[in-house]
Amino acid sequence: MQTTTTCCEVLELRQYTLKPGQREVLIGLFDDKFVAGQEDAGMTIVGQFRDLDAPDRFVWLRGFAGMPQRKRALETFYGGPVWQGNRTTANGTMIDSDNVLLLRPATATSGFALQGLARDRRPAGLVVAYLHYLQRPVSASTVGDMEWRLRSALQSSGAQLQAVLVSEHSENTFLALPVRLGEEVLVWVAGFADQAAYDAQCVALEEIAAVLQPLQSAPAERLHLSPTAGSLLRGTQETQP
């Protein structure tokens, strides 16, 4: 499966806490059924991941062309046959599915560039996301400077800054799926060939991220993610000709 989509005006970063031993069950449903079912309903499934620091956590990203399109797509999918036929199994894997951030690209060029990417390619690499919880929105100049510094540091070692995102404060119009409201978050996502490539850059990245520390309302959170076989977003992004 291949996409020519460049994503997205609105995104959800979803972190699920699962029952012990159930992550592979949910991943199987996602890769086999839910990716295609949601994209048929009008969403873009950016990526789905095993959290390497938490064996019972499943993390995924999906995107929408806008808030009206989000509402329609969610109504279509969750009212449709793919979800209805598999929801009992899916819900049976979960302890909590309400840890959801509603996000948007921080700038016109900082969203996920997915054009030319294909699913189920190797190597998968490593995806790392940093979540910065802020007292208030940061200025465009602060975001732009941080993005430039991150991109420069990563590209010098062959890694890639995949997106810089900030909170989307629109009303949640699909109440069946809660989102975390009233928070100000800046999220950046990067891809690496492997753990060693990330380890080599970790100190430099932490130093760049430290510019936000005086503005934070809580310590930053790091997600250390391994893409599933069906994830579009991977640590190493090989495009089709």
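Screening residues 82-98 for salt bridge (Lys or Arg N to Asp or Glu O under 4.0 Å), with sequence neighbours left out, gives no hits. Every pair tested for ring pair (Phe, Tyr, Trp, His ring centres under 6.0 Å) that includes a residue from residues 204-230 fails, sequence neighbours excluded, so the list is empty.
Taking Glu207 as the reference, Val203 meet the side chain to side chain contact (heavy atoms under 4.5 Å, CB included) condition, with sequence neighbours excluded. By the side-chain hydrogen bond (donor to acceptor under 3.5 Å, both in side chains) test, Glu9 pairs with no residue at all, sequence neighbours left out. Evaluation of the side chain to side chain contact (heavy atoms under 4.5 Å, CB included) rule for Gln69 yields Ala65, Arg72 as partners, not counting sequence neighbours. For Asp194, the side chain to side chain contact (heavy atoms under 4.5 Å, CB included) partners two or more places apart in sequence, or in a different chain, are Ala196, Ala197. Listed by chain and residue number, Glu168 satisfy the side-chain hydrogen bond (donor to acceptor under 3.5 Å, both in side chains) test with Ser170 (two or more places apart in sequence, or in another chain). Remark: Arg57 engages Gln15, Asp51, Ala54, Val59, Leu223 in a side chain to side chain contact (heavy atoms under 4.5 Å, CB included) (not counting sequence neighbours). Applying the side-chain hydrogen bond (donor to acceptor under 3.5 Å, both in side chains) criterion to Lys71, with sequence neighbours excluded, gives Glu75. Under the side-chain hydrogen bond (donor to acceptor under 3.5 Å, both in side chains) criterion, Arg104 pairs with no residue at all, not counting sequence neighbours.
A heavy-atom distance below 4.5 Å is not found between the side chains of Thr93 and Tyr16. The closest side-chain heavy-atom distance from Phe112 to Leu61 is below 4.5 Å. At least one side-chain heavy atom of Leu233 sits under 4.5 Å from a side-chain heavy atom of Val189. Within the 4.5 Å cutoff, the side chain of Glu24 has heavy atoms near those of the Arg50 side chain. A heavy-atom distance below 4.5 Å is found between the side chains of Leu131 and Leu13. In this structure, Arg23 and Asp56 have side chains that are not in contact, with every pair of non-hydrogen atoms separated by 4.5 Å or more.
With hydrogens and angles disregarded, no donor-acceptor distance shorter than 3.5 Å links the side chain of Gln48 to the backbone of Ile27. In this structure a side-chain-to-backbone donor-acceptor pair under 3.5 Å is missing from Glu12 to Leu102. Between the Ser139 side chain and the Thr142 main chain, a donor and an acceptor come within less than 3.5 Å of each other. Looking only at distances, no side-chain donor or acceptor of Asp145 sits under 3.5 Å from a matching main-chain atom of Ser141.
Annotation for Val100: hydrophobic cluster partners, listed by chain and number, are Val179, Leu181 (ILVMFWY side-chain heavy atoms under 4.5 Å, direct or chained). Val164 forms part of a hydrophobic cluster together with Leu52, Leu126, Val128, Tyr130, Leu134, Val138, Val143, Met146, Leu150, Leu154, Leu161, Val166, Leu186, Trp188, Phe192, Tyr198, Leu205, Ile208, Val211, Leu212, Leu215, judged by ILVMFWY side-chain heavy-atom separations under 4.5 Å.
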- Starting from the C-alpha separation in whole Å, work towards a yes-or-no answer on side-chain contact (heavy atoms from CB on, under 4.5 Å) for Phe64 and Leu74. CA-CA 10 Å; Phe64 310 85; Leu74 294 177; 4.1 Å; yes
- Before giving the answer on side-chain contact (heavy atoms from CB on, under 4.5 Å), spell out for Arg119 and Thr228 the whole-Å C-alpha distance, their side-chain angles and the decisive distance to 0.1 Å. CA-CA 10 Å; Arg119 298 190 188 279; Thr228 74; over 6 Å; no
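Put simply, the residue from Pro219, Ser167, Ser217 that forms a side-chain contact (heavy atoms from CB on, under 4.5 Å) with Tyr133 is Ser217.
Between Trp83 and Tyr78, the ring planes are perpendicular. Angles over 60° get that label, and only those under 30° would be called parallel.
Scanning both residues, Cys8 and Thr44, for their nearest heavy atoms gives SG-CB, 4.0 Å.
Using a cut-off of 4.0 Å between Lys/Arg side-chain N and Asp/Glu carboxylate O, Arg222 and Asp53 are scored as salt-bridged.
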